[in-house]
S.K.: 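Here it is: the structure, laid out below.
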Amino acid sequence: MTRFTTSADGTEIAYSITGSGPALIIVDGAMCHRMFGPTTELASVLDKNFTVYTYDRRGRGETGDGATPWSVEREVEDIDAVIKEAGGSAFVFGVSSGAVLALEAASRLPGISRLAIYEAPFVVDDTYKPRPADIVRQMNDMLARGDRSGMLSTFMKMVGVPGFGLAIMKLTPVWKKLKPVAHTLPWDLTILGDDGRGSKLPADRWNVKVPTLAMDGGKSPEYLRNAMKNVSEVLGVDAEYRTLPGQTHMYKSSVMAPELVEFFSRAQRTAGPIA
């Protein structure tokens, strides 16, 4: 059942709740939402241990584009609105660009008590081609022309989808599901910032002061694993780095869930239940 909460700018944020136990909020990556992507399946595995909150980020699913112009701050406020629905405190798990958004939220919001992130798509060395410096402008120009397919194609090529795979994808129902949310791609790319051009992350990139688990997949590209190592280094002593054997960027819920249960359950043993 879909519920709604109101973000600080008046935007209605759609979300769902499943399970019981301490609150856990999942933050999706690019173009994903409750009805498209891994969130719902993961929630169905985690709800044995947590009250899981899944929500549609701005411009996706049942959440509109927003009552005010998009910004990182608005998306952080959206997470804050869901945290308030959860009672004011929650664990957070972010995936891909959602991992970067979760880091931004944990830097600004007091209600996040523990954070887990998976494969933030930074490029911190020469193991992958850097993102074009003007990629956000390119995306916005295509959007202004109404070329959503062009936006999707550009993004897919940038993240390494081979030409034959892209050609097949365009013939599937998936492509039709992606086009309505293509306008959110410039937003996710803005969240990533300039940290996609082959340089190490700035030491002051975030101000996260809660225990954080940074994860990647053992079969994921080298650049993603190197990025997550760098994220854990930047976050410092409160961060753990872990590789999930056999996993790619499209992780299996059956593998991810035990890692999250183990990490978040440590807070229960040391501090008791979340209010």
S.K.: Mind listing the closest non-hydrogen atom pair of Y53 and E85 along with its distance?
M.R.: OH-O, 3.6 Å

S.K.: Quick one: pull up CG in N49 and OG in S20 and give me the separation to the nearest 0.5 Å.
M.R.: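 That separation rounds to 9.0 Å.
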
S.K.: In residues 90-98, what donor-acceptor pairs under 3.5 Å come from side-chain atoms, sequence neighbours left out?
M.R.:
residue : atom : partner : partner atom : Å
S96     : OG   : H249    : NE2          : 3.0
S97     : OG   : A30     : N            : 3.1
S97     : OG   : D188    : OD1          : 2.5

S.K.: Rounded at 0.5 Å granularity, tell me how far CG in L235 sits from CG in L103.
M.R.: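 Between atom CG of L235 and atom CG of L103 there are 6.0 Å.
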
S.K.: Let's go through F155 and M31 carefully: what are the C-alpha distance in whole Å and the side-chain angles of both, what is the deciding distance for side-chain contact (heavy atoms from CB on, under 4.5 Å) to 0.1 Å, and is it a yes or a no?
M.R.: CA-CA 11 Å; F155 178 77; M31 297 184 287; 3.9 Å; yes

S.K.: Do the side chain of S199 and the main chain of R197 share a donor and acceptor less than 3.5 angstrom apart?
M.R.: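 Between the backbone of R197 and the side chain of S199 there is no qualifying donor-acceptor contact (under 3.5 Å).
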
S.K.: What closest approach, in Å, do G217 and T243 show between heavy atoms, and which atom pair accounts for it?
M.R.: C-CG2, 4.0 Å

S.K.: Is the distance from the ring center of Y15 to that of F4 below 6.0 Å?
M.R.: no

S.K.: What's the shortest heavy-atom distance between V52 and A43, and which atoms?
M.R.: CG1-CB, 3.7 Å

S.K.: Would a single hydrophobic cluster contain both Y55 and L46, if residues Ile, Leu, Val, Met, Phe, Trp and Tyr are joined by side-chain heavy-atom contacts under 4.5 Å?
M.R.: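 No, L46 does not connect to Y55 through the hydrophobic network.
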
S.K.: Which donor-acceptor pairs under 3.5 Å do the side chains of residues 158-167 make with protein atoms, sequence neighbours left out?
M.R.:
none

S.K.: Any side-chain heavy atom of L213 within less than 4.5 Å of one from L115?
M.R.: no

S.K.: Can you confirm whether L192 sits close enough to R131 that some side-chain heavy atom of one is under 4.5 Å from a side-chain heavy atom of the other?
M.R.: yes

S.K.: Quick one: which residue pairs count as a salt bridge (charged side-chain N to carboxylate O under 4.0 Å, His left out) with a foot in residues 17-45, not counting sequence neighbours?
M.R.: R34-D56, R34-E62

S.K.: So, using side-chain contact (heavy atoms from CB on, under 4.5 Å) as the criterion, who are the partners of K252 when residues are at least two apart?
M.R.: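 side-chain contact (heavy atoms from CB on, under 4.5 Å) list for K252, sorted by chain: Q247, S254, V255.
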
S.K.: If we count only N and O atoms by modelled type, under 3.5 Å, do the side chains of E75 and W187 hold a donor and an acceptor together?
M.R.: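 Side-chain D/A pair, E75 to W187: absent.
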
S.K.: Counting distance only, does the side-chain N/O of T5 pair as donor-acceptor with the main-chain N or O of I13 below 3.5 Å?
M.R.: no

S.K.: Among residues at least two apart in sequence or on other chains, which ones pass side-chain hydrogen bond (donor to acceptor under 3.5 Å, both in side chains) with H33?
M.R.: none

S.K.: Can you tell me which residue pairs pass the salt bridge (charged side-chain N to carboxylate O under 4.0 Å, His left out) test with a partner in residues 149-175, sequence neighbours excluded?
M.R.: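 Residue pairs passing salt bridge (charged side-chain N to carboxylate O under 4.0 Å, His left out), neighbours aside: none found.
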
S.K.: Quick check: closest heavy atoms across G66 and T11, and the distance to 0.1 Å?
M.R.: CA-OG1, 3.2 Å

S.K.: Under the 4.5 Å side-chain heavy-atom rule for ILVMFWY, direct or indirect, which residues accompany L171?
M.R.: none

S.K.: Identify, with sequence neighbours excluded, every residue that meets ring pair (Phe, Tyr, Trp, His ring centres under 6.0 Å) alongside Y128.
M.R.: Y223

S.K.: Nearest 0.5 angstrom please: Q138 CD to L143 CG, how far?
M.R.: 13.5 Å

S.K.: Who passes side-chain contact (heavy atoms from CB on, under 4.5 Å) against D147, sequence neighbours left out?
M.R.: M142, R145, S149

S.K.: Taking C-beta and beyond as the side chain, do K179 and V174 meet within less than 4.5 Å on heavy atoms?
M.R.: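 No, too far: nothing below the 4.5 Å cut-off.
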
S.K.: Side-chain heavy atoms nearer than 4.5 Å, only ILVMFWY residues, links allowed to pass through others: does that put I26 and I112 together?
M.R.: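 Looking at the clustering, I112 is in a separate group from I26.
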
S.K.: Are V72 and V76 close enough that some pair of their side-chain heavy atoms sits under 4.5 Å apart?
M.R.: yes

S.K.: List for me each residue that meets side-chain contact (heavy atoms from CB on, under 4.5 Å) alongside A8, sequence neighbours excluded, and say none if there are none.
M.R.: E77

S.K.: Starting from M35 and following side-chain heavy-atom contacts under 4.5 Å between hydrophobic residues (I, L, V, M, F, W, Y), which residues can be reached?
M.R.: none

S.K.: Please report the closest heavy-atom contact between T63 and R58, naming both atoms and the distance.
M.R.: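 Closest heavy-atom pair between T63 and R58: CG2-CA, 3.9 Å.
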
S.K.: Between L101 and M215, is there a shared hydrophobic cluster once you connect ILVMFWY residues whose side-chain heavy atoms come closer than 4.5 Å?
M.R.: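 No, L101 and M215 fall in different hydrophobic clusters.
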
S.K.: With clusters defined by side-chain heavy atoms of hydrophobic residues (ILVMFWY) lying less than 4.5 Å apart, directly or transitively, does V27 cluster with L109?
M.R.: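 Hydrophobic grouping puts L109 with V27.
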
S.K.: Taking CG in D134 as the centre, count heavy atoms belonging to other residues, nucleotides or ligands within less than 6.0 Å. Is the count above 12?
M.R.: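 Yes - once you tally the heavy atoms of other residues, nucleotides and ligands closer than 6.0 Å, there are more than 12.
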
S.K.: Side-chain contact, heavy-atom cut-off 4.5 Å: F263 with P258?
M.R.: no

S.K.: I'd like to know if the side chain of N230 and the backbone of L201 have a donor-acceptor N/O pair within less than 3.5 Å.
M.R.: yes

S.K.: Among T190, N140, L185, L189, find the one that has a side-chain contact (heavy atoms from CB on, under 4.5 Å) with I135.
M.R.: L189

S.K.: For residues 219-241, which residue pairs pass the salt bridge (charged side-chain N to carboxylate O under 4.0 Å, His left out) check, not counting sequence neighbours?
M.R.: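 Pairs touching residues 219-241 that pass the test: E240-R242, E240-R266.
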
S.K.: Are L24 and M256 linked, directly or through intermediate hydrophobic residues, by side-chain heavy-atom contacts shorter than 4.5 Å (ILVMFWY only)?
M.R.: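 Result: yes, single cluster for both.
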
S.K.: S232 side chain to Y241 main-chain N or O, any donor-acceptor pair under 3.5 Å?
M.R.: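 No; zero donor-acceptor contacts below 3.5 Å.
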
S.K.: Less than 4.5 Å apart, side chain to side chain, heavy atoms only: is that true for M139 and T154?
M.R.: yes

S.K.: Is a salt bridge present between R74 and D78, judged by a nitrogen-to-oxygen distance below 4.0 Å?
M.R.: no

S.K.: Search all heavy atoms of I191 against all heavy atoms of R57 and return the closest pair with its distance.
M.R.: CD1-NH2, 3.4 Å

S.K.: Using side-chain heavy atoms (C-beta onward) and a distance below 4.5 Å, is F264 in contact with P22?
M.R.: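 No, every pair of side-chain atoms sits at 4.5 Å or beyond.
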
S.K.: So with a 6.0 Å cut-off around NZ of K129, is the heavy-atom count from everything else above 12?
M.R.: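 Yes, NZ of K129 has more than 12 neighbouring heavy atoms, counting only those of other groups under 6.0 Å.
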
S.K.: Could you tell me if D9 and T68 have a donor-acceptor pair between their side chains, going purely by distance under 3.5 Å?
M.R.: yes

S.K.: Out of curiosity, T2 OG1 to I17 CD1, how far, rounded to the nearest 0.5 Å?
M.R.: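 These two atoms lie 11.0 Å from each other.
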
S.K.: Test your reading of the model: is there a side-chain donor-acceptor pair from R148 to the backbone of P180, 3.5 Å cut-off?
M.R.: yes

S.K.: Looking at side-chain heavy atoms only, is the closest gap between S153 and W175 below 4.5 Å?
M.R.: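 Yes, close enough: below the 4.5 Å cut-off.
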
